[in-house]
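Both backbone and side-chain heavy atoms feed into the values below; hydrogens, waters and symmetry mates do not. One-based numbering, in listed order, for ligands and for the atoms of each.
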Amino acid sequence: MIILGIETSCDETSICVLKDGREVLSNIVSSQIDIHKEFGGVVPEIASRHHIKNISYVLDEALDRANITLKDLDVIAVTYGPGLVGALLVGVSFAKSLAYALNIPLIPVHHIQGHIAANYLTDSNLKPPFIALVVSGGHSHIIKVEDYTKFKIIAKTRDDAVGEAFDKVARVLGLGYPGGPKVSKLAKIGQDTYKLPKAKFENLDFSFSGIKTAVLNLANKEKDNLRKADIAKSFENNVCNILVENTIIAMKQTGIKDVALAGGVAANDTLRELLCKKAKENGFNAYIPKLEFCTDNAAMIASAGYYNYLAGNVANDLALNARACINIEEE
Ligand code: KG4
Ligand code: ZN
């Protein structure tokens, strides 16, 4: 089965061709980072306009690289939320038009289901049930993946998402956008010497706004004496420790032995290594997605689309709309 995947939820216009749910024939990602970095973050209206400008070219390239034509497509899968609603609308409208013109099924995909499915593209052995640690610019969730299309949220952030905290710390340190990779690069030459707060709740929820404020206060207090690389390292260690600690507790509580990492922050080396190390120490198996599938891409959307198609989650008419917020448990 050949699925075309379409992702436009934020600042990446991406289209892929996927065979039988796990084999990537092409995965084109057109990033708008250079446009948005001038503004220090994604400007929603500009993102939508660039998706409109780029999407047809991205489709042509995805088909060319996979060496197929539109007639070879069996199904179209598209991210319909959560995300920037104007940006999502471009992908959803494009997908609806194609599905109508080709008379093939259209599958709406939840963006976070896509991030989790990035692991199916990396490891052919991974099957539910497993625990997913989902860490992106908008989400920090521990999710029980009960089946390919059935999810239960075990814990979530009560304020900022972890990617958002990385981006804000980068801004405080004057590193620019996108912050995650820049903080992570600087952390490699730093020492974990700053004591930063760690939020703990009675359940496994997270909170990252306090640590972000602590970094801001230190920057204001120490000014030119601030050891930026040490702050980056202390911040990175702090958030990675809490993410992994809570995930391991969730695994012990549920008795599930497999854990998968997902979302843009899954590209972080320290987090990847720490999750593998702690999983091993506790007799669990850790699944880590290939770097190319961590940040937003259409291949992960097509893979999640494949499993939704098998489950019969097809958009029955062309009334599908983009949605800024959708709970993954609703699906
Ligand atoms: O999943 P994603 O591409 O978009 C959303 O769905 O939000 O995640 C983007 C987030 C950004 O906050 C970015 O700073 C963060 O992922 N990120 C990283 C790294 N690479 C991307 N954070 C920490 N370390 C990285 N290496
Ligand atoms: Zn994402």
Check: residues 125-138 side-chain donor-acceptor pairs under 3.5 Å, at least two apart:
residue	atom	partner	partner atom	Å
Ser136	OG	Gly138	N	3.2
Ser136	OG	His139	N	3.1

Could you list the donor-acceptor pairs under 3.5 angstrom formed between side-chain atoms of residues 203-211 and any protein atom two or more places apart in sequence or on another chain?
residue	atom	partner	partner atom	Å
Asn203	OD1	Arg158	NH2	3.3
Asn203	OD1	Asp205	N	3.1
Asn203	ND2	Asp205	OD2	3.4
Asp205	OD1	Lys156	N	3.0
Asp205	OD2	Arg158	NE	2.9
Asp205	OD2	Arg158	NH2	3.4
Ser207	OG	Asp159	OD2	2.6
Ser209	OG	Asp159	OD2	3.4

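Looking at atom 2 (P) of ligand 1, its nearest protein heavy atom turns out to be Asp296 OD1, 3.4 Å. Nearest non-hydrogen protein atom to atom 24 (N) of ligand 1 is Asn268 ND2, 3.1 Å.
For His51 and Thr8, the side-chain atoms include no donor-acceptor pair closer than 3.5 Å. Between the side chains of Asn268 and Glu236, a donor-acceptor pair is found at a separation under 3.5 Å. Defined by atom type and a distance below 3.5 Å, a donor-acceptor pair is present between the side-chain atoms of Glu7 and His111. Ser124 and Arg22 share no side-chain donor-acceptor pair at under 3.5 Å. Side-chain polar atoms of His110 and Asn327 form no donor-acceptor pair below 3.5 angstrom.
Looking at His115 against ligand 1, only its side chain comes within 4.0 Å, counting heavy atoms. At a heavy-atom distance under 4.0 Å, only side-chain atoms of Asp167, from C-beta outward, approach ligand 1. Counting heavy atoms closer than 4.0 Å to ligand 1, residue Glu12 contributes nothing at all.
Residue contacts with ligand 1: Thr295 is placed with no nitrogen or oxygen under 3.5 Å of a nitrogen or oxygen of the ligand (distance criterion only). When only interatomic distances are considered, the shortest N/O to N/O separation between Gly137 and ligand 1 falls below 3.5 Å. The shortest N/O to N/O separation between Gly180 and ligand 1 falls below 3.5 Å. At under 3.5 Å, a nitrogen or oxygen of Gly163, whether backbone or side chain, sits near a nitrogen or oxygen of ligand 1.
The ligand atoms of ligand 1 that sit less than 4.0 angstrom from a heavy atom of Val265 are 15 (C), 16 (O), 18 (C), 22 (N), 23 (C).
Ligand 1 lies within reach of His111, whose nearest heavy atom is under 4.0 Å from it. Every heavy atom of Cys10 sits 4.0 Å or more from the atoms of ligand 1.
Shortest non-hydrogen contact noted between Leu121 and Gly21 is CD2-O, 4.1 Å.
Aromatic pair Tyr148/Tyr306: ring centres not closer than 6.0 Å. Tyr120 and Tyr307 have their aromatic ring centers within a separation under 6.0 angstrom.
Every side chain to side chain contact (heavy atoms under 4.5 Å, CB included) that Ala118 has, sequence neighbours left out, goes to Pro289, Phe293, Met300.
Asp123 contributes no side-chain N or O that, together with a main-chain N or O of Asn119, makes up a donor-acceptor pair within less than 3.5 Å.
When Gly264, Gly179, Gly138 are ranked by how near their heavy atoms come to atom 21 (C) of ligand 1, first place goes to Gly264.
Excluding waters, the count of protein N/O/S atoms less than 2.8 Å from the Zn ion (ligand 2) comes to 3.
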